[in-house]
Each structure stands twice: as structure tokens, then as C-alpha cells.
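Worksheet: one structure, shown below.
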Amino acid sequence: MSLTFASWNINSIRTRAHLVKDWLDRNEACTLLCLQEIKCEAHQFPPLFEEAGFHVAVAGQKAYNGVALISRAPLTITTDHLPGFESDEARYIEAELDDVTIGNLYLPNGNSGGEAGFAKKLNFFDALYHRARALQQGGRSFAFIGDYNVCPTDEDYAPKALSPDDALLHPESRAGFRRLLWSGLTDALRCLHPTGQHYTFWDYQAGAYQRNSGLRIDHALLSPRLADRLTSFTIDKDERGRDKPSDHVPVVVKLDTAQSSHE
DNA sequence: ATGCCATCCCGCGGATGA
């Protein structure tokens, strides 16, 4: 069957629960929404989604980070942390939806905390690579979607939107992303739109959105069989223009019906 | 120019974000 799923760094779900609910109501084809930076613990997650019939799974923590899944279909949670990422920070939750495994991730920014902070970012990339290998070896179709906090190439950020030494541009950050591609994953946006500016984040400061001074940092990486089913990747840029928006916008992946195997 | 803006915390300014 076809499958549509999405990712949105919401920058506090308690502040923007109504925006998410409105978005879900206008995007009925979206089966699963992956959220990052919910910035609360599970018991603080707004109840309106479950009250409206959605299935909700939360890996939360106080004040910072936190990821969640909001689904129209029942989910099986496989893990609420990324194996091999040695941290208590809530940055990963993974679920099975039919025959597809979805990993929802919030990668460390890497600009704070000095060398240890940047090492944490690289550690997450390394753990994600090993998670990909494990899922591949288990024969699973999977997608890693979320806020990767990396601009993969110079085409993925507006001139002067970041300082040249920013952790989002660091060669080792980009190498971590490329290593996932080399393991066989497909960058869904670049598969369909090989060139051009396709930003997913605009800073709150200095009129970045009005100047289109953005970044492409929210990505979906697809395993080979899912990449074969990819039909569209859309960036819901209009959400950035709403009242009190997140600084990120939703990205939506559509997959066609799986082909049945012959012989 | 490392601020501009926005979130969180049992706040009264600081850490974090990217």
C-alpha cells in the first residue's frame, strides 16, 4: 500500500499543539508525523491528539530535545533511543508501520559544549550508521527522518546564513551524512530535486524567512526498496509564515504502493 | 556584529538553538 509520512521540528509541542493539529487536519493523507524538539516529558505532551483518535508515542525529557510520533495507524515501537548513542538525551524513537521501520531523529547541533558537544554529534552519526547496517542486515525497509542538523552541501544553505566554521557545515558532519548515503541510503529530496535551493529552516532573527536566508537540515533517508517507491518529497514552506511558527517547516515523503515480488 | 528571536527553567538572567 502507499504510505505518506512527515517530519517537523516543532520547537515546543506545548506552544504549538494547535498548529500541529491544524496541519494534521489539512493533511489527512499523512499517516505518521515525526516531531522533534517537543521540549517536554511524556506526561506533559498535549492530550488533544489522543483525544482525537491519534496514536502517540513519546521519548521526552524536561526542557530540551524530545521526539514523538503521532500516527493515524497503530504503531509498534521498536526502541525509544538510538543504540550506541551514549547519552540520556531524548533524540530518537523508532517504530514499525506495516512492513516499514521509521526512525525519527533529532541529531545534536554540535555548536555548544565545546569538543565534547561536537563529539556527541559525530557519535550520533556513527550510531545511526550502525543502526542502518543492523536494519539492512535484518532485511527491513526503513527510513531515517528528522532534523539532521547538517547542510550536506554548500547548496543547502543561503549565503551568510551560517558562519563558515559552524558545526552544521563541518566536514566531519558532512562526512557523517555521506557515510549514510554510501551505505546505500537515498536522500529523498535530492533524488527528486538534484539541484536548487530547498530550505526547511529559517532563523527567527533578522528577517531570515523574508530574505529566504534558510537552511536544508531536515532530511529523509530511504533504504533501497523504499527509494524505489518514492513519488514525492514536499517542503511545507507556508507553515513558516503562520503566526508564532516553529523555525522549521514540515517535510512530507510519499511512497507508492509496494510492488509484489514475482517468483 | 555572535545580537538580531524564541524556547525552557520553580526564572527574575542564562543556556540552547543553528
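Below, chains carry the letters A, B, ... as their sequence lines are ordered, and counting in each starts from 1. Please read these numbers as outputs of a predicted model, since none were measured by experiment. Heavy atoms only: backbone and side chains are in, while hydrogens, waters and symmetry mates are out.
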Problem - Side-chain N,O (A:Arg14) to OP1/OP2 (B:dT7) below 4.0 Å - result: no

Practice task
For A:Tyr106, answer base if it contacts any base atom (sugar-phosphate contacts may also be present), sugar-phosphate if it contacts only those atoms, and nothing otherwise; contact means non-hydrogen atoms under 4.0 Å.
Solution key: sugar-phosphate

Handout entry: Sugar-phosphate, base or nothing in reach of A:Asp166, heavy atoms under 4.0 Å
Key = nothing

Practice task
Determine: side-chain N/O of A:Tyr209 to OP1/OP2 of B:dC4, distance under 4.0 Å, yes or no.
Solution key: no

Handout entry: Interatomic distance, A:Asn9 CG vs B:dT7 C1' [rounded to whole Å]
Key = 11 Å

Exercise for the section: Evaluate the side-chain proximity of A:Val58 to A:Glu41: yes if any heavy-atom separation is below 4.5 Å, no if none is. Expected result: no

Practice task
Let me know the distance between CG of A:Asp247 and P of B:dA6, rounded to the nearest Å.
Solution key: 10 Å

Handout entry: Working for side-chain contact (heavy atoms from CB on, under 4.5 Å), residues A:Leu48 and A:Phe54
Key = CA-CA 9 Å; A:Leu48 75 158; A:Phe54 290 94; over 6 Å; no

Exercise for the section: Would you tell me if any nitrogen or oxygen in the side chain of A:Lys62 comes within less than 4.0 Å of OP1 or OP2 on B:dC10? Expected result: yes

Problem - Among A:Thr101, A:Asn104, A:Thr78, A:Thr76, the one residue meeting side chain to side chain donor-acceptor pair (under 3.5 Å) with A:Glu94 - result: A:Thr78

Exercise for the section: In whole angstrom, give me the gap between the P atoms of B:dC8 and B:dA18. Expected result: 14 Å

Problem - Pairs flagged by ring-ring contact (aromatic ring centres under 6.0 Å, His included) wherever residues 74-122 of chain A is involved - sequence neighbours left out - result: A:Phe85-A:Phe124, A:Phe118-A:His170

Practice task
Determine: side-chain N/O of A:Thr15 to OP1/OP2 of B:dC8, distance under 4.0 Å, yes or no.
Solution key: yes

Practice task
Calculate the interatomic distance between A:Lys160 atom NZ and B:dG3 atom C1'; express it in whole Å.
Solution key: 17 Å

Exercise for the section: By nearest nucleotide on DNA chain B, pick out whichever of A:Ile13 and A:Asp203 is the more 5' one. Expected result: A:Ile13

Handout entry: A:Arg216 to A:Tyr199, cation-pi by 6.0 Å centre distance and 45° axis angle
Key = no

Practice task
Could you pick out which residue, A:Asp147 or A:Tyr64, lies toward the 5' side of DNA chain B when each is mapped onto its nearest nucleotide?
Solution key: A:Tyr64

Handout entry: Selected nucleotide, minimal atom distance to A:Ser112 side chain, candidates B:dA18, B:dG17, B:dC8
Key = B:dG17

Exercise for the section: Whole angstrom is fine here: how far is it from CG in A:Leu19 over to C1' in B:dA6? Expected result: 14 Å

Handout entry: Any A:Ser163 side-chain nitrogen or oxygen under 4.0 Å from OP1 or OP2 of B:dT2
Key = no

Practice task
Pick the C1' atom in B:dC10 and in B:dG14, then give their distance to the nearest Å.
Solution key: 15 Å

Exercise for the section: Using a cut-off of strictly less than 4.0 Å, decide whether A:His248 has a side-chain nitrogen or oxygen near OP1 or OP2 of B:dG17. Expected result: no

Problem - Whole-Å P distance, B:dG13 and B:dA1 - result: 27 Å

Problem - Whole angstrom value for the distance that separates C1' of B:dC8 from CZ of A:Phe45 - result: 17 Å

Exercise for the section: Mind checking A:Leu162 for me? I need base, sugar-phosphate or nothing, with any heavy atom below 4.0 Å counting as a touch. Expected result: nothing

Handout entry: Sugar-phosphate, base or nothing in reach of A:Asp218, heavy atoms under 4.0 Å
Key = nothing

Problem - Distance below 4.0 Å between A:Lys244 side-chain N/O and B:dT7 OP1 or OP2 - result: yes

Problem - Under-4.0 Å salt bridge between A:Asp25 and A:Lys21 - result: yes

Handout entry: Pairwise C1' distance for B:dT16 and B:dC4, with rounding to whole Å
Key = 16 Å

Handout entry: Presence of A:Asn111 side-chain N/O under 4.0 Å of B:dA18 phosphate oxygens OP1/OP2
Key = no

Handout entry: Whole-Å distance separating the NZ atom of A:Lys120 from the C1' atom of B:dT16
Key = 10 Å

Problem - Whole-Å distance separating the NZ atom of A:Lys121 from the P atom of B:dG17 - result: 10 Å

Practice task
Using whole Å, report how far NE2 of A:His219 lies from P of B:dA18.
Solution key: 12 Å

Exercise for the section: For B:dA18, take OP1 and OP2 only and decide whether either is under 4.0 Å from a side-chain N or O of A:Asn11. Expected result: no

Handout entry: Student check: side-chain heavy atoms of A:Phe45 and A:Val56 closer than 4.5 Å
Key = yes

Practice task
Among the candidates B:dA18, B:dC4, B:dC8, find the nucleotide nearest to the side-chain atoms of A:Gln205.
Solution key: B:dC4

